[in-house]
2 protein chains.
Amino acid sequence: MQNTPVDQPEVLGLRERKKRARREALIDATHRLVGEHGLDAVTVDAICEEAGVSVRTFFNYFETKDDAALGHAPWQLETPAGEVFAAGGPTGHLMLDLQALAVSFLTDPPIGRERLARAMELAAKEPRLVARHLAWFEQHKGQLFALVERRLGQDGPHTPEMVGSVLLFLTHATFLRWDAAGGHGAADDHLSAVVTELRSILSD
Amino acid sequence: MQNTPVDQPEVLGLRERKKRARREALIDATHRLVGEHGLDAVTVDAICEEAGVSVRTFFNYFETKDDAALGHAPWQLETPAGEVFAAGGPTGHLMLDLQALAVSFLTDPPIGRERLARAMELAAKEPRLVARHLAWFEQHKGQLFALVERRLGQDGPHTPEMVGSVLLFLTHATFLRWDAAGGHGAADDHLSAVVTELRSILSD
DNA sequence: CTGCAAAGTTGCAGTGCGTGTAAAGTTGCA
DNA sequence: TGCAACTTTACACGCACTGCAACTTTGCAG
């Protein structure tokens, strides 16, 4: 059950710990204030005051006020699940492995489960956040395509773009369904339902 | 070959004509300047000067500088194609009709073909624009779902959300493929290729 | 043609996001 | 203990975008 990525030291230095603490403090402060007053009524100044940090520092951590609400960090695709996928696993069956990867995106969020839940809650009320989230995905599409390309090689029947787009679609659709269910249930089950319905529509 | 929506008079008043002319002038001015200097180097002030219009007026036409570059107008889903789809046509076969609708989105853009091509060109160089475009789609998702819901009724096997999402996926994927082909070829053909590959991936 | 109501444009002042820069403070390490 | 690398912070600035109130233009009825 331990979470020990290979190339990171088990115990972090003071500097790194402080950085993470600050990041989380900023996200929490944002969630607190936005949950109470709404996204547009909360200024970055207010968030920084709440978190006890200068405005300039805020923007060292997040590109955007919205990013803080969503807890966005630069996406790390070098996760164990990502590597397994690129290497041709876990089953060797493309569609199943895409599903496994999508599940890993949803169940091991870099932000932590409760914070993710808070972010989802806010996004449901503030459409702008959903848009920003999509934009963030878009920003990392290149990385994602590269990952898929490693898996496919350049000789397969499918284009990395198309496969990557399908992966994003599955992830997003599952996310929505999960959210609609109030965050209950396992990601696997929702994803299965999505795939089933997608197949049904296509072969209708 | 004539384009005569039902509830609009054949000849427009001076007011309406001026409005459209201004909108197009603003889009063209934006395209000209952004194409030359890049999106971030062009201020709204500059665009307005180029178009001979006050800044305040600019924001009466567009929510955002980026919207002007993309030529975004509030989406009218009450198109002939939309109505046909909602009514169960044109073939009565869901998947085929989704494709027909997607094609109509791509071939009858509210903005006009050349302007759309210009916008695509800019979007390829400025990732922000793609993101904004997605956000704009997201804003109109509700309308789109409503349209799909009219078609499906509430008793069908599929959820409007899922069908709507598939529609967006098809449209977007086709758009990308079209763009990658340099804007050449018919939308139909690219869409068919997308559907074929999607089926192939899913049943792989 | 005239005059009135509706719609549209404009300048202005203001809010707030986001960035460059340079100085001051912290942490890592020899 | 002291130096090098990294962070935070204050300050100043540019620009996107908005509300408002005056002004101009268009549509239309008499």
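Naming convention: chains lettered A, B, ... in sequence-line order (proteins, then strands); numbering from 1 in each chain. Everything numeric here is computed off the predicted structure, so don't read it as measured data.
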When rounded to the nearest 0.5 angstrom, what is the spacing between CG in Leu134(A) and CG in Leu134(B)?
6.0 Å
Could you check whether His133(A) and His72(A), counting side-chain N and O atoms only, form a donor-acceptor pair closer than 3.5 Å?
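A pair is found: one side chain offers a donor N or O, the other an acceptor, under 3.5 Å apart.
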Side-chain N,O ([X]) to OP1/OP2 ([N]) below 4.0 Å:
X: Ser54(B); N: dT10(C); result: yes
X: Lys19(A); N: dT7(D); result: yes
X: Thr57(A); N: dT9(D); result: yes
X: Thr43(A); N: dT15(C); result: no

Atom pair distance, as rounded to whole Å: [atom1] in [X] and [atom2] in [N]:
X: Asp67(A); N: dC17(C); atom1: CG; atom2: C1'; result: 13 Å
X: Glu63(B); N: dG19(D); atom1: CD; atom2: P; result: 12 Å
X: Asp40(A); N: dC17(D); atom1: CG; atom2: P; result: 13 Å
X: Phe59(A); N: dG20(C); atom1: CZ; atom2: C1'; result: 14 Å
X: Arg22(A); N: dC6(D); atom1: CZ; atom2: P; result: 17 Å
X: Asp45(A); N: dG14(C); atom1: CG; atom2: P; result: 18 Å
X: Leu26(A); N: dG18(C); atom1: CG; atom2: C1'; result: 15 Å
X: Arg17(A); N: dC6(D); atom1: CZ; atom2: P; result: 19 Å

Give every pair of a protein N or O atom and an N or O atom of nucleotides 24-30 of chain D that lie under 3.5 Å apart, one pair per line with the distance.
unit_1	atom_1	unit_2	atom_2	d
dT26(D)	OP1	Lys18(B)	NZ	2.5
dT26(D)	O4'	Arg15(B)	NH2	3.4
dT26(D)	O2	Arg15(B)	NH2	2.8
dG27(D)	OP1	Leu14(B)	N	2.9
dG27(D)	OP1	Arg15(B)	N	3.1

Find the bend of the helix from dC1(C)-dG30(D) to dA30(C)-dT1(D) as the angle between its two terminal axes (five pairs each), to the nearest 10°.
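Rounded value for the end-axis angle: 20°.
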Counting any heavy atom closer than 4.0 Å, what does Val53(B) reach on the DNA or RNA strands: base, sugar-phosphate only, or nothing?
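Val53(B): backbone/sugar contact only, no base atoms under 4.0 Å.
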Is it true that [X] and [Y] have a side-chain N and a carboxylate O under 4.0 angstrom from each other?
X: Glu138(B); Y: Arg132(B); value: no
X: Arg118(A); Y: Asp28(A); value: no
X: Arg150(B); Y: Glu83(B); value: yes
X: Glu36(A); Y: Arg32(A); value: no

Under 3.5 Å, is there a donor-acceptor pair between the side chain of His31(B) and the main chain of Ala69(B)?
yes
For the pair Trp136(B) and His140(B), name the ring-plane relationship: parallel under 30°, tilted 30 to 60°, perpendicular over 60°.
tilted
Taking for each residue the nucleotide of DNA chain D bearing the nearest heavy atom, is the 5' side occupied by Phe62(B) or by Arg56(A)?
Arg56(A)
All pairs passing ring pair (Phe, Tyr, Trp, His ring centres under 6.0 Å) where residues 37-66 of chain B contributes a residue, at least two apart:
Phe58(B)-Phe62(B)
Check every atom of dC17(C), dT9(D), dT7(D) against the side chain of Tyr61(A) and return the nucleotide holding the closest atom.
dT7(D)
If you assign each of Phe58(B) and Val42(A) to its closest nucleotide in DNA chain C, which residue comes earlier from the 5' end?
Phe58(B)
Atom NZ of Lys141(A): over 12 foreign heavy atoms under 6.0 Å
yes
